[in-house]
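One structure below.
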Amino acid sequence: MATKMDAARVYRMMVRSRMVEDAIVEAWAEGLVPGEYHAAIGEEGINAGIIAHLTEHDTMALDHRNTSPFIMRGTDPKALMLEVLGSDEGINRGMSGHMHIFDKSVKAGSDGIVGSGGPLAVGQAYAHTRLHPGSVAITFHGEATMNQGLLMESYNMAVAWNLPVVFVCKDNKWGITTYSKDVTGGDPVSRAKGFGLHVETAAGHKVQDVYAAAGRLVERARAGKGPGFLYLTCHRPNGHFEGDPLVGLLRNPKKQLSVWVPELQGGLVAEGGSVADKAKAMAGVGVRAGRYTRDVALTLRKDPVRRGRSLVSSSVATKIEEQERAEIRAAMDEARERVGHRVGFGVKGGIR
Amino acid sequence: MATKMDAARVYRMMVRSRMVEDAIVEAWAEGLVPGEYHAAIGEEGINAGIIAHLTEHDTMALDHRNTSPFIMRGTDPKALMLEVLGSDEGINRGMSGHMHIFDKSVKAGSDGIVGSGGPLAVGQAYAHTRLHPGSVAITFHGEATMNQGLLMESYNMAVAWNLPVVFVCKDNKWGITTYSKDVTGGDPVSRAKGFGLHVETAAGHKVQDVYAAAGRLVERARAGKGPGFLYLTCHRPNGHFEGDPLVGLLRNPKKQLSVWVPELQGGLVAEGGSVADKAKAMAGVGVRAGRYTRDVALTLRKDPVRRGRSLVSSSVATKIEEQERAEIRAAMDEARERVGHRVGFGVKGGIR
Amino acid sequence: MSITATTTATTTMRYDEAVDHALGQAMAEDPTVVTYGEDVQILRRVLHSRFGGDRVKDTPISESAFMYAGVGAAMAGLRPVVELYMIDFATVGWSAILNAGSKFKDFSAGEWKVPMVLRAGVGGWYSDGGEHAQTLWGSLASYPSVEVVVPSTPADAAGLMLSAVQSDEFTVFLTPKLLDQQILDYLAGDQRDTLDLSHIQPAAGVRGEVPARVEPIPFGQAALRRDGGDVTLVSVGTGVHRCLEAADRLAADGIEASVLDLRTLAPLDKEAIVEHVARTGRVVVADEDYVRGGLTGEIAALLLESDTSARYARVAVEQTIPFAPHLEYAALPNAERIAAAAKSLA
Amino acid sequence: MSITATTTATTTMRYDEAVDHALGQAMAEDPTVVTYGEDVQILRRVLHSRFGGDRVKDTPISESAFMYAGVGAAMAGLRPVVELYMIDFATVGWSAILNAGSKFKDFSAGEWKVPMVLRAGVGGWYSDGGEHAQTLWGSLASYPSVEVVVPSTPADAAGLMLSAVQSDEFTVFLTPKLLDQQILDYLAGDQRDTLDLSHIQPAAGVRGEVPARVEPIPFGQAALRRDGGDVTLVSVGTGVHRCLEAADRLAADGIEASVLDLRTLAPLDKEAIVEHVARTGRVVVADEDYVRGGLTGEIAALLLESDTSARYARVAVEQTIPFAPHLEYAALPNAERIAAAAKSLA
Ligand SMILES: Cc1ncc(C[n+]2csc(CCOP(=O)(O)OP(=O)(O)O)c2C)c(N)n1
Ligand SMILES: Cc1ncc(C[n+]2csc(CCOP(=O)(O)OP(=O)(O)O)c2C)c(N)n1
Ligand SMILES: [Mg+2]
Ligand SMILES: [Mg+2]
């Protein structure tokens, strides 16, 4: 698949994804999205660079940051929004919600058990070898999920059965509030190689690099040469999920600290525990906050969508943005209208 | 722990273990051992070379080939035999049986869920760091078990928490009837390194080499330098368990083939399935049998106990053998007596 | 035994042969049916030699991944029969059953089916120790959108396996190891003639007539294995045979027992249960699962909900299953315990 | 609410604060008590700042390994409190609970105890989707040698946590997420003031008086939360509050309900159940677990076994739990469903 990347198409995918997620994030802040919402904002370069390679029978096993890949693959934005907003007119009739969306029409499903996409893709790939040879199964996971045993098992199984799977590792350095290096032995690439996986790497905010690296792995897989591991760096400007308390600490330190400081002081002065341990613990929280601040700063420089814009002419970019904005706005307006402008989401709060 | 190996002690451990297992295998063949029995015959060099390093607070998390490490660590042979023979006077009052023996007095437990010893040892090691610094946790597993996710998770956890664990991988090439290479990506050593584990290797039938390699890892772990992975080759002359049909195929081909051949022919002539697939399948069974024959032949040349004998003078060896034989024989005689010479183990068959 | 008479030609088969016979028939008819699991190329060697290594595959010891992969394969167009030695081992990857097999169809609002079969040995009686002897079918049957099948005879094993493969739902097909001569020989017997489990094995469960051409047996239809007016003994799997033994003992004491074989735990044939219990006015539920969280409680609830007045007793597993044969026998729902429970209601 | 009056000084606390308060007390008194899990250095930041990172540890996302490690640590001398975000996630490593936590003491014939606590969030009502909303306590309570605790108030949460840590048994300590303001804020709230769950949260479960010095509350002792002669409503956790709401509605219709909070599912306070049901002659079991395999069936069996004649109904989860708030509310045992069930017995 030494095909050249269609920059306009890829930029459109990224813009569309970002706009859908921005609209959902806005609705979330207004209390219209029940439960958790994990944006893939910052991962658009990864998703577009890979999904641009997919053809009819290819399948995707997605994780909790699934809105972006669904939208890029062709899921109807309004149907997805309705689902995420808690309507029973959503794509899954209100049964799934953001974390477990299934869209058979684009051959993609998502799951909230971290790592499960790995073995699900292994099964899909096995089916492809029998039903649609030449098709691939793609699965996405974060770097912290690489410590989940069922995912590691699936690396092995894909190699042992020589299956057309591409495992996409999106390394944003964090698993919720935990810095992944603090709880991980070795590094993702050596670990993947230890399973005999063929590895490619790229910087996730450079969509053209992702496209090239993904192309090599997808091509290998289609040719029956076995699974691949695509290691990509990225950032999560919105934190783990909307409302991430660490992000809150940065954006609205006063509010957050007014809660945390007395709590932590309570711990410090309470009986039990050595002074040295307490000092270390406080320093640990400090280190975490410091790392976090640094990462968020980096994020702004590494926006894949902004970078992707430079790959097309400014007039093309503007046209794409206008078209997408109009469609996505209309979709969200309609979705909001259908669920009503409720505040909160308790059933007594005005749910239709 | 650059201490010299006490060859007489190590040889005694190996002889004792072998004699206990020979006695159990004999009882098994007579129908006196209910259920499955997995001998560690062929692994004595591994077990002795490692266990010789252990001190008071060290713990062991054992797998299904646990008789040998229990005996070497000091478990009472008669109490173990009674348990394995299905008596309620056994070491665990008949509650555990061979696969799940626990002996708190030697700080060792075993488990029949493959791989669970890994995370159990991680927990033990964490406890050691707080309660008995300088102590280690040892866990044993086969090469096929390296595809079990919970074991892989435990490799990572031991590295991330920098715990005093030694993971012992006993590679006998087979997981029951499956040739491990056929279902494994990469190789055990690269996989372990991919987790950041410190690796040592040795040929398991050479107890002095095992002792040296184990010593290096145990010493590192005691010094707080983190976990190790000890990769050792070995053989399983008795097959996966007593009564292994593949071993039966070699030892008593007539009996086994009289069952298998008509069965397989039945499959070959039945409708459905392509001729090419059938031919490949038959060839696959042939390859498996061939590999198996080769491995069993090798086994005889690589008996760790016979080799260990050459490390001590012949008179010392003879004395050890006589002492151990007397004790083990007496223990088994007593155990047999207590359970009665029943045939079969159905409850109607004369169980006390 | 009142198994419905058929006119088709039959062959005598072992329980395990009957399962593979039906699976072979399904594989011959539908190329999307595949089977895989640990050591299946040896365990299912007849199917392997018939359909080849691409449809009968050995897996690594990675239950979690390969059960999840079954869900993935099923949603991508195959009908995989994923095999486990024992259901106890499924717990290393239970999420594949609970959070994927049971849920993905529902998450997709019914649009995306999971036509997978999970096949696994269950149960004890042969001294394999407490984590190789469980049934766990009570938990399995509690999850929404899961079918749970426990055949008690070779003929049922064949017909229910065919239905399981043809079903578009996620189905757990559980085979009592005590009835499966192949696995008993494999685990603990083949090379020693000294071993004799026959006195503890129910002959009618181990071997029986099976139609040469298997017909699917619908789920949710209990079978009355013995008819008696004094008490109804309800069970599945090996338990059905233990109930039949108990019924013999009771008959000797002048108590006539009905024995109801549920065959599938989900769907559950509530009508049959209520009907027979109402008729006899007494019921003993014999369940080779833990006493809490299983069939025994469910039947009690059904009776109370339907205002069926009956005297009730249950015989199930109340402790970790011991290894030693005599302790294990005492801990499982044996015929003596069942008969005693029935008498306690007299 | 008839919680036993105490003379000790109390403070008003959130449910989650009460748990940590008790755990902190235990950690201060016993250096072998440790706690670990994903993100606990942030979630348990007060304990972390108090006892340091060696006793309050972050884990990798490896539930299977770190639950098994808890068993290993407990048998090697610690009293670990192993924390999971939600019990749903435990299923990726369920074997650690079923095959280790529940069994190792029994395998060792009682000689080697497993004094571990598994602490996990349970339940729904806040739209987290069907695999982030389960309770699974029915299955857990079915395993031999496992204690299962589900506190419904801050005071109970503290006293029962202290008992859990002090217990030499393997204990599963389940905290309904709807009562745990910290986790609700963390998962879906903190940064938006637009979110308001208060109308669906039972105030008495979220906040309450907790003794400054926590005393252990013994397991297996149900608490009567309301006394009424017409019907007994039995539940645990959030369900207790739903029963209290239902009792208010019923009172408006002239039906007086007792509300029995079981507090621990294993051990189960059978005497209290039988006593109160016998007294009122009617019972509704409200259970935020699947309808099969759980508490509802167990109570039915207890009633039949004890020849307690009573009219019975159950309200539980009969499907995969939907995400959309109104669908989720309808699928869970809400006060309307409980009241309707009670009336159906009238
Ligand atoms: C089995 C399981 N354990 C824990 C969680 C909770 N959880 C959801 S996302 C997440 C972190 C994942 O981190 P990473 O893989 O790096 O992906 P990222 O969120 O950074 O994209 C965790 C722990 C879960 N959903 N499933
Ligand atoms: C979770 C689980 N799956 C499967 C089994 C069945 N089983 C027991 S031993 C074994 C093979 C282990 O092979 P290996 O790790 O190489 O050890 P070996 O037996 O060769 O010493 C298997 C599959 C089990 N006990 N537990
Ligand atoms: Mg991450
Ligand atoms: Mg091996």
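Here is how names work: the chains are called A, B, and so on, in the same order as the sequence lines, proteins then strands, and each is numbered from 1. All values below were derived from every heavy atom in this structure, side-chain atoms included, with hydrogens, water molecules and symmetry-related copies excluded.
- Interface residue A:L150: backbone and side-chain heavy atoms are both found under 4.5 Å from chain C.
- Within the 4.5 Å cutoff, no side-chain heavy atoms of C:T32 are placed close to those of A:R130.
- Between C:L78 and A:A127, the closest heavy-atom pair is CD1-CA, 3.6 Å.
- With rounding to the nearest 0.5 angstrom, the CZ atom of A:F102 is 4.5 Å from the CE atom of C:M75.
- If you take OG1 on A:T129 and CG on C:D54, they are separated by 7.0 Å, rounding to the nearest 0.5 Å.
- In this structure, A:S110 OG and C:F107 CZ are separated by 9.0 Å, a value rounded to the nearest 0.5 Å.
- Between C:K103 atom NZ and A:S96 atom OG the span is 13.5 Å, to the nearest 0.5 Å.
- With a 4.5 Å cut-off on non-hydrogen atoms, C:S108 touches chain A through its backbone and its side chain both.
- For the pair C:W112/A:D103, no side-chain contact is recorded, criterion being any heavy-atom separation below 4.5 Å from C-beta on.
- The parts of C:T59 that come within reach of chain A are both its backbone and its side chain, each placing non-hydrogen atoms under 4.5 angstrom from that chain.
- Proximity of A:H100 to C:F104: side-chain heavy atoms (C-beta onward) are nowhere separated by under 4.5 Å.
- Interatomic distance, C:Y68 OH to A:D111 CG, rounded to the nearest 0.5 Å: 5.5 Å.
- Heavy atoms closer than 4.5 Å to chain A are found nowhere in C:P80, neither backbone nor side chain.
- In summary, the aromatic rings of C:Y36 and A:W161 are positioned with their centroids under 6.0 Å apart.
- Note that the CD1 atom of A:I113 and the OG atom of C:S64 stand 10.0 Å from one another [nearest 0.5 Å].
- Side chain of A:E153 to backbone of C:A65: a donor-acceptor contact under 3.5 angstrom is found.
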